[in-house]
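Naming convention: chains lettered A, B, ... in sequence-line order (proteins, then strands); numbering from 1 in each chain.
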Number of protein chains: 2
Amino acid sequence: MNRDLRLSWTDVRDRIQARIFDRTYAPGDKLPKDDEIAEDFGCARSTVQRAMQDLSQSGIVERRRKGGTTVRADPVTRATVDIPITRREVEERGCKYDYQLIRREMEIAPKSVLARFGMKVPISLLHIEALHLADNRPYILEDRWVCTTTVPEIMNVDLAQKSANEWLVRNKPFSRCDMSFYATKASHDVAAQLDTELGDALLVIERTTWIGSEPITTVQAVTSPGYQLFTQG
Amino acid sequence: MNRDLRLSWTDVRDRIQARIFDRTYAPGDKLPKDDEIAEDFGCARSTVQRAMQDLSQSGIVERRRKGGTTVRADPVTRATVDIPITRREVEERGCKYDYQLIRREMEIAPKSVLARFGMKVPISLLHIEALHLADNRPYILEDRWVCTTTVPEIMNVDLAQKSANEWLVRNKPFSRCDMSFYATKASHDVAAQLDTELGDALLVIERTTWIGSEPITTVQAVTSPGYQLFTQG
DNA sequence: AATATTAATATGTACATACATAATAAAGTC
DNA sequence: GACTTTATTATGTATGTACATATTAATATT
């Protein structure tokens with residue numbers, strides 16, 4: 001067989017996707033089984049499998065053993081968000097990065113914080129407030145709680161010099177990260193810290209991480225006014 | 001070889017990930033090549049390849065032909081957001097879904113809208129304003145522009161009955177979707193539509209879609225107060 | 001008819017092999 | 001030294017085969 005004519009899995013994916021787009025296979029429809037598509041296209045089943053893997057991850061089709069492949073009836077719009085280290089984010093915008101530690105003390109975590117970890121029993125955690133600046137202007141205000149039983153080393157880190165954000169992400173990899181986004185009105189304190197108006201609408205990025213089942217940290221990153229978070233590709 | 005002892009690609013991934021987590025391979029470090037890992041673990045290279053594919057997609061490692069595999073120096077926190085059809089989202093919360101068309105007319109798109117499509121020349125687009133309700137309470141206010149040259153069929157759709165959101169996602173698949181999130185203060189109009197206070201902080205989900213290089217639609221979904229957007233697994 | 005058991009089946013995985021591709025390193029040229 | 005050309009090499013892909021696994025469908029059992 002002429003190798004130049006061989007289909008790549010991206011070709012196969014695109015052709016199947018095209019058939020979904022032009023409604024040859026409409027939402028809810030069942031697709032032929034991989035073997036049939038492979039024979040139809042003149043390629044190996046594993047090539048179809050690779051294409052289907054991609055379509056499945058994109059949320060376009062759903063696959064079940066024995067059940068076959070179906071076009072998702074209720075298509076979802078799926079996107080990926082990347083949250084880099086704040087320093088890097090600022091520097092990639094071509095701004096000068098600065099960082100200020102506002103507060104750092106052990107505290108009994110309030111219920112709202114415990115809830116993010118899925119814990120009930122009150123426990124003392126390291127509470128950190130810090131400000132990230134871009135070109136000397138407040139950029140992100142972070143309100144963080146770190147679990148010192150999972151991450152005892154954090155007690156020896158000079159958080160006035162290096163942000164917990166940076167230290168954690170470089171030194172404490174996580175296996176699970178829950179994230180959420182919401183809007184909040186700038187309180188008196190927050191407005192003062194971010195040097196903005198009381199009542200301004202601010203985007204909050206909340207993240208909670210674990211290693212295995214051990215909680216690492218939870219953070220509310222309150223962004224400055226006008227902040228916009230974009231998805232990747 | 002005893003098949004029961006064979007490593008699955010998830011095992012391989014987990015073991016490599018563990019070595020990254022315990023800093024055997026620290027950020028920026030180069031990993032052994034697939035062949036070596038395969039021999040080390042006693043599995044086929046393709047199994048390592050599958051594991052690496054996953055780690056690469058998760059943003060944990062970076063792979064380059066000939067260059068090899070490196071642990072990402074500046075780790076990013078990566079997450080996936082799924083935006084379902086609004087009806088489905090409301091119903092999955094166990095609420096009654098309703099929908100109201102507020103406005104629907106052809107209009108010259110303002111520059112801000114054209115910019116989202118990456119267009120310069122002013123053009124007339126279908127402008128739609130609509131309200132999604134959950135248990136009779138305003139849930140999401142959508143402000144949408146549809147490109148009628150790409151989607152002429154939309155002109156024949158009764159948007160008073162079926163939301164453009166739903167119709168488009170079911171009938172006009174897209175190949176590209178740009179998304180962004182930000183916070184906004186409720187204007188007089190928005191506050192009235194969402195039945196909330198003037199100046200409330202609201203999360204806006206902005207999406208723009210294309211099929212190939214043809215623009216389909218762009219929408220600002222202004223959520224009601226307290227709305228929180230979560231990432232997937 | 002409802003339930004448990006068994007068979008059938010489409011997708012998923014593991015492996016070996018051969019080749020493709022993109023980056024890098026080495027060698028050659030001016 | 002600066003530039004171009006040419007190997008070299010690690011990852012990526014395509015294929016075939018053999019099994020594993022999860023689900024559905026069929027059958028037997030109560």
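Residues Thr150(A) and Pro215(A) approach most closely at OG1-O, 2.6 Å, considering heavy atoms. Taking both residues in full, the closest heavy atoms of Trp210(B) and Ile216(B) are given as C-CD1, 3.8 Å, listed atom of the first, atom of the second, then distance.
When the P atom of dA16(C) is taken as reference, atom CD of Glu39(B) falls 12 Å away, rounded to whole Å. To the nearest angstrom, P of dA7(C) lies 21 Å from CZ of Arg65(A). In this structure, the CD atom of Glu36(A) is 10 Å from the C1' atom of dA10(C), given to the nearest Å. A straight line from CD of Gln49(A) to P of dT21(D) spans 16 Å, rounded to a whole angstrom. Between Asp35(B) atom CG and dT11(D) atom P the separation is 7 Å, expressed in whole Å.
Taking a 4.0 Å limit (strictly below) on heavy-atom distances, residues 50-64 of chain A reaches DNA chain D at Arg64(A). Near DNA chain D, meaning a heavy atom under 4.0 Å from it, residues 24-31 of chain A has no residue at all.
The number of heavy-atom neighbours closer than 6.0 Å to CD of Gln228(B), taken from other residues, nucleotides and ligands shown, is above 12. By the neighbour-count criterion of 12 heavy atoms within 6.0 Å, atom CD of Gln57(B) is densely surrounded, having more than that number from other residues, nucleotides or ligands. Residue-environment remark: CZ (Arg137(A)) stays at or below the threshold of 12 foreign heavy atoms within 6.0 Å.
Among dT13(C), dT11(D), dA14(D), the nucleotide with an atom closest to any side-chain atom of Trp9(A) is dA14(D).
Contact check, Ser8(A) against dA14(D): a side-chain N or O comes under 4.0 Å of OP1 or OP2. Between Thr69(A) and dA10(C) there is no side-chain N or O to OP1 or OP2 distance below 4.0 Å. For dA10(D), the OP1/OP2 oxygens have a side-chain nitrogen or oxygen of Lys33(B) closer than 4.0 Å.
Heavy-atom distances to DNA chain D give each of Gly67(A) and Asp11(A) a nearest nucleotide, and the one nearer the 5′ end belongs to Asp11(A).
For dT8(D), the base has a donor-acceptor partner in the side chain of Lys66(B) [N/O atoms by modelled type, under 3.5 angstrom].
Contacts of Tyr97(B) classified as ring pair (Phe, Tyr, Trp, His ring centres under 6.0 Å), with partners at least two apart in sequence or in another chain: His132(B).
There is a side-chain donor-acceptor pair under 3.5 Å between Arg63(B) and Thr69(B). Residues Thr80(B) and Gln232(B) bring no donor and acceptor atom of their side chains to less than 3.5 Å of each other.
Nucleic acid contact for Thr47(A): sugar-phosphate only, since backbone atoms but no base atoms lie under 4.0 Å from a heavy atom of the residue.
Ring to ring, Tyr227(B) and Tyr139(B) are close: their centroids are under 6.0 angstrom apart.
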